[in-house]
Each structure stands twice: as structure tokens, then as C-alpha cells.
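On a predicted model such as this, the values are computed, not experimentally measured, just so you know. Heavy atoms only: backbone and side chains are in, while hydrogens, waters and symmetry mates are out. First the proteins, then the strands, lettered A, B, ... as listed; each starts at 1.
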Amino acid sequence: MRFSRLYAPTTKEAPKDALLASHIYLSRAGFISQVASGLYNYLPLGKRVLKKIEAVINEEMANIYAQEVELSFVTPIEFWEESGRVNKFGKELLRFKDRKDNGFVLGPTHEEMMVNIVRGRVTSYKQLPLNLYQIKTKFRDEARPRFGLMRAREFVMKDGYSFHASYEDMDREFDLMEATYKRILERLGLEFRIVEADSGAIGGSGSKELMVLADSGEDTIAVCDTCEYGANVEAAVRAEPRCDAPAPALAYEKIHTPELKSINDLSTFFKADSYYIVKTVAKRLIFEEDSKIVLYFLRGSDELQEVKAVNAVNALEIADVSDEELRELGLVPGFMGPMGLENITLVFDASLKGAKSMICGANEKDFHYVGVDMETEQLEFSDLVQVQEGDGCARCAGKLSYTKGIEVGHIFKLGTTYSKPLGATFLDENGKSQEMVMGTYGMGVSRLIAAVIEQHNDEKGCIWTETTAPYRFNILISNIKDEEQLAYAEELYAELSARGVEVIIDDRKERFGFKMNDAELIGFPYTIIVGKNLAEGIVQIAPRSNSEKIEVKKDELLARLMELK
RNA sequence: CGGGGCGUAGCUCAGUAUGGUUAGAGUACCUGGUUUGGGACCAGGGGGUCGAAGGUUCGAACCCUUUCGCCCCGACCA
């Protein structure tokens, strides 16, 4: 490619809306341009990077016999009604009607469609397993798109689906996909962590997320400082906490506690560690049809994890509750507790199982009970706690700490979540009809573009990794009017092109500094500077990843460049 | 969806409080010249329905109403 022909409108200033490094540099360097909220055009450089990432994914998929397909973007809404996901997806699902008044959606993910092309055609266990995937534009009408390609409404995702005759085989494929995704991210040159995750609305028995580590990541993950354990805080677990302070030696009794509403106040008043105080958190849980208030009970030293709270009662959403709403139910804000409540759903954190000598609200203004033991029989326990930094690892003696991650992949063990409602069955060895066991594997291709830059940039611009760079070499002619420079650079360009190397030559009639700044903003891994010291037979290689320019004799240049590969 | 902010040249923004020549700057772009190792300089030039609609007024980028778009915080987000 010739720079003089390249459409890459670079700018000195970033669009005012860009906040993250990836958004700023991808815009400034002319990779993308925004069309509307959450919608982006990919300019030539952006499209090249997208294809580079896709190529790596395609190669790795081929290695494990996954086959690429392409499903229609516009999908009949019937499929979504059949799976029951229309409501679950809500407004994210962009719906519309065609001229004949038939309902359609723009595909935000393709479980339904993929099951549809398999069911009725795959009818025997002999045809399984099967792993099909596509790399395609998805559309989710996000309530709040942001951060450029990081959270766009229209985005490119690789979505894969596997079909199996048994859970064992699904597990095998799941592990294989995890290993394959790991290899893809390694090849892309990313630092990442595979963590346990909440399965969310997609359902299924287990899931893992691939997190590219970056401070700008939207997800908080808890990682162990000793072992491999890592999990999204939505799903992270910890070692059973211990409290060194003694339990308050108080017999069961109702105590007058005027105006003592906070855990802190109570802790001081009773000289008891907050570990021994029951924290009551009221939330409104929203279900498909209705909503209700649920009371969650935790140790005073813990915080409620809202995703866990939602999962504990199988709700869709969680919302805050006002004091008025609580009073209407006969509850007393500040003095709530588990005792003597009827017709309210109560969920206890697992760490309260068998707890003794606890302090809790009496559901009466200015009163608390002390010396309360948790009756384990009738109570419903669930893990509700958000792990904190410094908590012990559940797997080893290590400590957990937080880090931020960009979710670039999510793999799920679906089981029969979709094959059952959509009727994807096969005949097993005994001629018996079985539902297919499925896995699903997503990878955000366009988000990966942003993730690479979030992790690899400096004050000058993008620093593409070897496998993601739009061009590997940039031949910069310092003075285009110098015939020797021009001739040598053109010769080198022809030679590298002939070798199939991805190379661009900066043949623009611009000054050195201008071209160098563009090269650094765009972020080519290597810029070869053909300049004034060509007269002494010297050219320079300027690697983008560090500021050291390497001087090379021109006769040795080609060999050096090929060594870099 | 709640709270806040912003829409003026391709881009970044000034001008709006207190209405009044032909609406400005920087940058980008075009022409000519000089320059050629870090976004260089000189001269000349093109580019705007001031987001849209309606209203007030002799007169609106500016005041009023409505509306659309974009961004931020939160809620939300496989």
C-alpha cells in the first residue's frame, strides 16, 4: 500500500466525546468514525485490523473442526417467542416489521437461529458432536452505549455453538474451547485472565469469561495472588471468613436500642464485631410478570452482591426500595431483622448457616434482639456476598484482590436450555430420543480491537501487536525529493511486497516530523526510516514498542527485517 | 429510564449573560513560493441553512416554546 493512496484521515485533536485511549486513538488515527450513538464506520485501517483478528480466530477454529457459517442478520421474532427470550432480552432486542407486517429482530446473538438450522437435520448421535460458528455483526440496542468500540450497539462478534450427545462431551468441548480461546488471545498479544462468571440471562450450568486486563475495563474481577483462581465479582467466592473477635456473650433478649440504625452504631453499642450483627438489605426483585420485595440477610461485615441476589430468587432485575415501601409492608427501616416476618421472601447468606449469638433487628422501632441463633432447618440460604479485597481464596491459602478487565469472551455450558424449548433432539444408541446438549462460545471481535489499544498505547498513539497491526512495516521516506532515498525506498517496498510482507510506503510529500507522527499515531510495529544517512549507507528501524531506533547498513536491512518476523 | 451537560466550518472551540456591520479563531483543506530528521514558514483562497421547527421583535447564533441528536453519572448491559 502507498500512504499517498491510503484513506486514513488522521487528526491532531480527538473528537470531544472520546474518553478512553482506544476511542481517542482509533478515531484520531483514522481507523473508525462514529455515525450515531453506538454505531461506527470502519475505515480501511480499522477494517484491516478487524480482518486480522478474524483470521486468527478462523485458523484456530479450523484446528478444532469448528465450521464457519453465516446466519441471516434479520431473524423472525417467532424464534425468540419460541425460546421465551423476547421478554428476557427486553428493549435490547431491536424489533421491526416488514411490509407484510411480519415481526423480525436484528440478531443480538444466535442461539435460536443456530438451533433452527440443526434441528430436524441432525437426527442421530452419529452426527454429533458439531461445532458451528459465525463472525458477524450483532445488534443490541444498549440503553447506554459508550467508550467507542468498547460498548457499541452494533458490533462484530464471533459466536459459536456446539451440539453434543452427552454432558461429558459438552464438558470436553467446553474445555477445548477454553484452551482455543486462550490460544487466540495469546496470538493476539494480549494479557488476559480466564475467570469464572455469572451465566446471566443466557442460562446454563457454568460459564467463564475471558478478561483482557486493563484499568479501563468495565468489569471488576477478583483474582488470587497465589493460585490461578479468578472470578468476576458477580460470581466470585471466598474462603469461609473467620472472626477473631469473640462472639458477644449475650443471652437471647430484646434490647432497647434507640436510634441505633447502622451496623457501626450497633457494633459500638454492643461492643461486638460487625461479624456478629445481622445486616438486612431490602430490595425490589423484578420478575417477568410482577415484582416483590425480598429481604436479604448477611453478616454485618459483608456486602450484598446484587447479581447473586437476583440469581438467588430467579429474578430478572433488582431495584432499590424506598423507606415508604418498607413501612407499607409493616417493616421498620433501620430495625429490620428476620424474626417474626410473614409473607415476605427471606434469603440468608450462606455464612449465616448455623450462626450463633447474633444481633439482629427486632422489626420494631428502637429494638434489637441479641443472642439469636440461626435455625437452619426452614431457612433458605444462598451465597449473597460480594468478595472484598483481602478475602481469602476459596481454593488455596492466597488472598484475593480486585483488578479490572474487559470482557472479550464468554463461554457457556448451556446443556439443554435451548434444545428443550426449541425441540432439538436426536436418537441415541438405544434409539431413544434425547435433547441435544449444547455449549455456546462468544468472542467480541470489534471489542478486541479496542482491547488491544487499551492495553497497548502510549502518549503518541496506538501500539499494535504483531498479529493485529494493519501493516507490519512502514517505509518512511524522509525527503521525497531526494532521488536516492526515493529509489532505495521503492526498491525495498517492491522487495518486501514480493515476499508477501504487509508493508506500506509513506511516499507523501510531507516533512519528516509529520510522517513520523502519523506513523506513531497509527502504530505500525516497525517504521523503516530512509533518510539523510542513506548517503552513508545507513537506514533506521524504529520499533513502535520502544523509542530506540536501530541503525542498520542498507545491505543488511532485508535480512534484519525478516529476522524480526 | 432518572440526574446533568453540550449542539456554531471536516475537527477542536470562542461568540449567547446585556439581541444590532458581511458570524470568528486555531487546525485541516486548495494555489503559489520557500523548506525537508519531529505536525516548518510566507502570501493568497475556498468552506457555515449557527441541530430542526415555531414564536417574540424593526432586527435572533443570542430571548421563549417545542423537538431531534450526542456525551457524562447512575440504573441497565449473556
Side-chain angles (χ1 to χ4, degrees), chain A residues 9-20 23-24 27-28 30 33-39 83 85 88-93 108-111 138 140-148 150-153 155 157 159 161 197-204 206-210 218-219 232 234-235 283-284 286 306-307 310-311 316-320 407 409-414 417-418 440-444 447 460-461 476-482 485-486 506 508-521 527 529-535 538-540 542 547 549 551:
Chain A
T10 59
T11 59
K12 278 188 195 174
E13 280 172 303
K16 65 176 171 190
D17 297 334
L19 300 170
L20 291 195
H23 192 186
I24 291 170
S27 302
R28 278 191 53 204
S33 76
Q34 182 169 2
V35 192
S37 180
L39 305 180
S83 71
R85 277 214 288 183
K88 221 166 190 177
F89 246 97
K91 287 186 177 168
E92 302 249 309
L93 199 58
T109 175
H110 282 183
E111 279 77 14
K138 303 287 185 294
R140 294 179 191 176
D141 199 358
E142 294 270 0
R144 195 176 156 213
R146 56 188 129 173
F147 304 143
M150 200 71 91
R151 179 171 296 285
R153 289 192 294 172
F155 58 99
M157 182 166 88
D159 50 323
Y161 308 85
D198 171 58
S199 305
I202 202 155
S207 79
K208 289 188 177 178
E209 288 169 335
L210 288 91
E218 292 190 84
D219 289 277
N232 194 308
E234 296 170 358
K283 292 283 174 183
R284 177 168 293 281
I286 297 152
E306 296 200 349
V307 172
V310 168
N311 292 342
L316 292 178
E317 282 180 45
I318 188 166
D320 290 338
E407 182 192 344
H410 200 159
I411 57 178
F412 297 84
K413 293 181 181 180
L414 285 180
T417 313
Y418 293 89
T440 183
Y441 318 97
M443 186 168 259
R447 181 177 282 180
K460 290 173 177 169
L476 191 159
I477 308 168
S478 179
N479 181 357
I480 197 82
K481 288 190 179 165
D482 182 313
Q485 288 180 22
L486 182 62
D506 197 342
R508 294 175 298 173
K509 293 183 180 63
E510 299 287 351
R511 294 162 66 92
F512 175 82
F514 183 90
K515 294 197 218 184
M516 199 62 200
N517 281 333
D518 263 1
E520 285 163 338
L521 177 59
T527 291
I529 303 169
V530 179
K532 60 186 181 188
N533 32 20
L534 183 70
I538 301 288
V539 291
Q540 288 169 314
S547 51
K549 291 174 187 163
E551 298 214 329

Round to the nearest Å and state the distance from [X] atom [atom1] to [N] atom [atom2].
X: Ile318(A); N: rA75(B); atom1: CD1; atom2: C1'; value: 12 Å
X: Glu306(A); N: rG74(B); atom1: CD; atom2: P; value: 13 Å
X: Arg146(A); N: rC76(B); atom1: CZ; atom2: C1'; value: 8 Å
X: Lys12(A); N: rC13(B); atom1: NZ; atom2: C1'; value: 15 Å
X: Ile480(A); N: rA40(B); atom1: CD1; atom2: P; value: 17 Å
X: Arg508(A); N: rA40(B); atom1: CZ; atom2: P; value: 13 Å
X: Phe512(A); N: rC41(B); atom1: CZ; atom2: P; value: 18 Å
X: Glu142(A); N: rA75(B); atom1: CD; atom2: C1'; value: 13 Å

Base, sugar-phosphate, or nothing for [X], non-hydrogen atoms under 4.0 angstrom?
X: Asp320(A); answer: nothing
X: Met157(A); answer: base
X: Asp482(A); answer: nothing
X: Ala14(A); answer: sugar-phosphate
X: Pro15(A); answer: sugar-phosphate
X: Asn517(A); answer: base
X: Ala36(A); answer: sugar-phosphate

Polar side chain donor-acceptor pair, Glu111(A) to Ser83(A), under 3.5 angstrom: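 Short answer, no.
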Taking atom types as they are modelled, would you say the side chain of [X] forms a donor-acceptor pair with the base of [N] within the 3.5 Å cutoff?
X: Arg151(A); N: rC77(B); answer: yes
X: Lys549(A); N: rG38(B); answer: yes
X: Gln540(A); N: rG37(B); answer: yes

Can you tell me, in whole Å, how much space there is between the [atom1] of [N] and that of [M]?
N: rG26(B); M: rC63(B); atom1: P; answer: 27 Å
N: rA61(B); M: rG7(B); atom1: C1'; answer: 11 Å
N: rC29(B); M: rG69(B); atom1: C1'; answer: 27 Å
N: rG5(B); M: rU65(B); atom1: P; answer: 15 Å
N: rG15(B); M: rG24(B); atom1: P; answer: 16 Å
N: rA53(B); M: rU16(B); atom1: P; answer: 24 Å
N: rA17(B); M: rG54(B); atom1: C1'; answer: 24 Å
N: rG44(B); M: rC50(B); atom1: C1'; answer: 27 Å

Let me confirm one number: the [atom1]-[atom2] distance from [X] to [Y], rounded to the nearest 0.5 Å.
X: His410(A); Y: Ser207(A); atom1: NE2; atom2: OG; result: 3.0 Å
X: Leu20(A); Y: Met150(A); atom1: CG; atom2: CE; result: 5.5 Å
X: Met443(A); Y: Asp159(A); atom1: CE; atom2: CG; result: 12.5 Å
X: Lys413(A); Y: Thr440(A); atom1: NZ; atom2: OG1; result: 14.0 Å

State which of [options] makes the closest approach to the side chain of [X].
X: Asn479(A); options: rU36(B), rG39(B), rC71(B); result: rU36(B)
X: Ser478(A); options: rU36(B), rG37(B), rG39(B); result: rG37(B)
X: Lys481(A); options: rC72(B), rU36(B), rU12(B); result: rU36(B)
X: Glu13(A); options: rG39(B), rU12(B), rC72(B); result: rU12(B)

More 5' along RNA chain B: Arg28(A) or Ser207(A), using each one's nearest nucleotide?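 The residue mapped nearer the 5' terminus is Arg28(A).
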Starting at the 5' end of RNA chain B and moving along, which residue's nearest nucleotide shows up first, Val530(A) or Phe89(A)?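 Comparing both residues, the 5'-ward one is Val530(A).
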G-U wobble or Watson-Crick pairing nucleotide for [N] (cut-off 3.5 Å, both distances):
N: rA61(B); answer: none
N: rU27(B); answer: rG10(B)
N: rC41(B); answer: rG33(B)
N: rC70(B); answer: rG5(B)

Okay, side chain of [X], backbone of [Y]: is any donor-acceptor separation there less than 3.5 Å?
X: Arg284(A); Y: Ile318(A); result: no
X: Arg153(A); Y: Ser37(A); result: yes
X: Lys515(A); Y: Leu476(A); result: no

Quick one: is Gln34(A) getting a side-chain N or O under 4.0 Å of the rC71(B) phosphate, OP1 or OP2? yes
Go through Lys283(A) and Asp320(A) one step at a time and tell me if the side chain to side chain contact (heavy atoms under 4.5 Å, CB included) criterion holds. CA-CA 5 Å; Lys283(A) 292 283 174 183; Asp320(A) 290 338; 2.6 Å; yes
For nucleotides 1-10 of chain B, list the nitrogen or oxygen atoms of the protein found under 3.5 Å from its nitrogen or oxygen atoms, one pair per line.
unit_1, atom_1, unit_2, atom_2, d
rC6(B), O2', Lys16(A), NZ, 3.3

Test log, rule side chain to side chain contact (heavy atoms under 4.5 Å, CB included), inputs Arg85(A) and Phe89(A): CA-CA 6 Å; Arg85(A) 277 214 288 183; Phe89(A) 246 97; 3.8 Å; yes
